[in-house]
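Some notes on the structure that comes next.
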Amino acid sequence: MADIKLEIVEGCRMPVRFINSDEWHLAEVLSKKEIDGKNVYYIHYIDFNKRLDEWVLETRMDLQRLEMPRKDKTPIKDNKSQNGSRPCSPEREMNGSSLLKQQTSQKGANFRKRKANEEDGQLSRSGTPNPIKQESESNDEIPKIPRQTGSMVAHNDDIVTRMKNVELIEIGKHRIKPWYFSPYPQELTKATCVFICEFCLKYMKSHKCLERHLSKCLHRHPPGNEIYRKSNISFFEIDGRKNKTYAQNLCLLAKLFLDHKTLYYDTDPFLFYVMCECDAKGYHIVGYFSKEKESTEDYNVACILTLPPYQRKGYGKLLIEFSYELSKFEGKTGSPEKPLSDLGLLSYRSYWSQTILDILMKMKENENGERPCITIIEISEMTSIKKEDVISTLQHLNLINYYKGQYILTLSKEAIESHAKAMSKRKVFIDPKCLHWQPKDWSKRGKW
């Protein structure tokens, strides 16, 4: 009996070979198109982040193990979909985050609890890792409108937004492959490369357009106020209302590398802090973070991003450190909006660990030879890191021990050695003396 060749359609699953590798991993087909007479398929690797999604030929697919999509379209549960750093298929990711996910069976109960509490003027906090971001978690009962926070929150994927639409961007001297979808104008996404002015972030469809723009562009640094400069590192504060065009262009650029960012156009309630490297040609954008002018949850960061060419150079921690320096000037403790992306959590965990361990290691015995004492609140006040983040970090490092009715922090030899190694790699730190900034009271709408 002759073998029947199954047609590969959207929703099919089969093992796909990684590029330049002999490893195979289960993948799901999201789209299909024809190029030069050959079928190519846009696939998502199950349990891996969407930034690895790509177009592949049939030669990289194991068609012998092809699984057709289920007729009832019920998502097949992924055993690893709860592992935090590797979100599941976009079809099932539409209501979760890349780090903290709720079980499907909990959604109805959480929604009912939330509705009851909303009638009393508050949101439910019971059993949810991120109460504010639960507003779009039930597709059946809540309109599909993502909350415009500008953070990496749960949003609604569809056939368009779950696929990368920009093949390549050129910004400054760098050409970068984007990781995710970004709502650039459709005529730009048809081009092989989108060209972006590194000073004003205006986007263009050809290199010729970029050359003409650069001959007229007067900007050599981001708009707004320069509030920090040391050596070749500068920070600019940009008001999303006063510099709307720049802020919107920044959001479009950031969306290429942030999966769950929902804010593109309503930038008025946000401040943007752009970090630049400066040289004789101008100020070149390295990364940025945004924060709400008024945050009811004391969030000091909404979105944070280091552009790929500058990653793994310590700039991510520098952005985080700067956000906490602003919180110190404000006299508050702060925390990033939750949930964080996989890379975001790694960066924050590392920063929190290094900062807290640095304080603990500098503590000395008193004159009577007694062990030094410090409270969680004291650590929080010294670092401006929120108490909950301090506790979770100490637990992550396994430093808290319960002994004779009290909690004791124990620094192991491994923790000390690991901290010394990590600090030796950090070359750049924020110098508070170089920060010239005064916090504003944004509760008065006239200052917006």
Side-chain angles (χ1 to χ4, degrees), residues 97-98 130 132-133 146-155 179-180 182-183 196 200-201 221-228 234-276 283 285-308 310-311 315-327 329-330 332 334-341 343-345 347-348 351 384 386 430 435 437 439-440 442 447-448:
S97 67
S98 48
N130 185 27
I132 297 298
K133 302 303 182 294
R147 179 175 179 264
Q148 297 296 300
T149 62
S151 64
M152 296 167 283
V153 301
H155 66 116
W179 295 352
Y180 307 110
S182 183
I196 300 173
C200 70
L201 303 185
H221 60 76
N225 300 319
E226 184 181 14
I227 60 174
Y228 178 91
S234 286
F235 278 86
F236 290 82
E237 181 184 60
I238 293 116
D239 188 323
R241 184 182 66 84
K242 294 180 180 177
N243 304 106
K244 190 181 289 287
T245 301
Y246 182 90
Q248 290 175 349
N249 289 341
L250 178 59
C251 289
L252 287 171
L253 173 63
K255 179 63 188 76
L256 293 170
F257 308 102
L258 297 175
D259 188 15
H260 293 286
K261 184 178 175 63
T262 60
L263 171 73
Y264 315 120
Y265 305 112
D266 183 19
T267 60
D268 289 18
F270 290 88
L271 294 169
F272 298 83
Y273 295 89
V274 178
M275 180 169 68
C276 298
Y283 293 75
I285 181 171
V286 170
Y288 89 105
F289 68 88
S290 60
K291 63 185 290 188
E292 290 181 279
K293 293 173 181 176
E294 293 182 89
S295 175
T296 56
E297 296 292 322
D298 287 334
Y299 291 131
N300 63 358
V301 166
C303 282
I304 185 167
L305 170 71
T306 305
L307 292 175
Y310 299 97
Q311 291 177 0
Y315 286 131
K317 286 194 183 70
L318 205 65
L319 282 165
I320 295 171
E321 185 180 1
F322 190 79
S323 71
Y324 281 108
E325 285 299 328
L326 296 184
S327 294
F329 269 66
E330 291 175 314
K332 300 177 181 177
S335 182
E337 280 196 32
K338 311 295 195 311
L340 292 162
S341 67
L343 298 180
L345 181 64
S347 296
Y348 267 95
Y351 173 78
S384 280
K386 211 163 189 177
I430 295 295
L435 176 59
W437 179 76
K440 294 180 181 178
W442 294 103
K447 292 192 176 183
W448 274 40

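- Between D239 and K293, the shortest heavy-atom contact is OD1-NZ, 2.8 Å.
- Summarising the geometry of P308 relative to W179, their closest heavy-atom pair is CG-CZ2, 4.1 Å, with the distance given to 0.1 Å.
- Considering only heavy atoms from C-beta on, L258 comes within 4.5 Å of C303 through its side chain.
- Shown here are the ring-ring contact (aromatic ring centres under 6.0 Å, His included) partners of Y273, two or more places apart in sequence or in another chain: F289.
- Taken to the nearest 0.5 Å, the CG atom of L326 stands 9.5 Å off from the CG atom of L271.
- Ring to ring, Y246 and F272 are not that close: their centroids are 6.0 angstrom or more apart.
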ask   = E297 and K332: salt bridge (Lys or Arg N to Asp or Glu O under 4.0 Å), yes or no, with the steps?
value = CA-CA 12 Å; E297 296 292 322; K332 300 177 181 177; over 6 Å; no
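- Looking only at atom types and distance, the side chain of T306 has no donor-acceptor partner in the side chain of Q311 under 3.5 Å away.
- Legend: residues meeting side-chain contact (heavy atoms from CB on, under 4.5 Å) with S347, ordered by chain and number and at least two apart, are I320.
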message = Checking N243 against T267 for the side-chain contact (heavy atoms from CB on, under 4.5 Å) test, could you report, in this order, the C-alpha distance in whole Å, the side-chain angles of both residues, the deciding distance, and whether it holds?
response = CA-CA 9 Å; N243 304 106; T267 60; over 6 Å; no
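- Applying the side-chain hydrogen bond (donor to acceptor under 3.5 Å, both in side chains) test to Y315 and every residue at least two apart in sequence or in another chain returns E277.
- Scanning all heavy atoms of the two residues, the minimum distance from P336 to N300 falls at N-OD1, 3.7 Å.
- Nearest heavy atom pair, residue F270 against residue A302, reads CE2-CB, 4.0 Å.
- Shortest non-hydrogen contact noted between Y324 and S335 is OH-CA, 4.2 Å.
- Every residue meeting the side-chain hydrogen bond (donor to acceptor under 3.5 Å, both in side chains) condition with K244, not counting sequence neighbours, appears here in chain and number order: D268.
- A perpendicular orientation is assigned to the rings of Y228 and F235, their planes being inclined by more than 60° (bins at 30° and 60°).
- Here Y180 pairs with N49, R51 under the side-chain hydrogen bond (donor to acceptor under 3.5 Å, both in side chains) rule; sequence neighbours left out.
- With sequence neighbours excluded, no residue forms a side-chain hydrogen bond (donor to acceptor under 3.5 Å, both in side chains) with S384.
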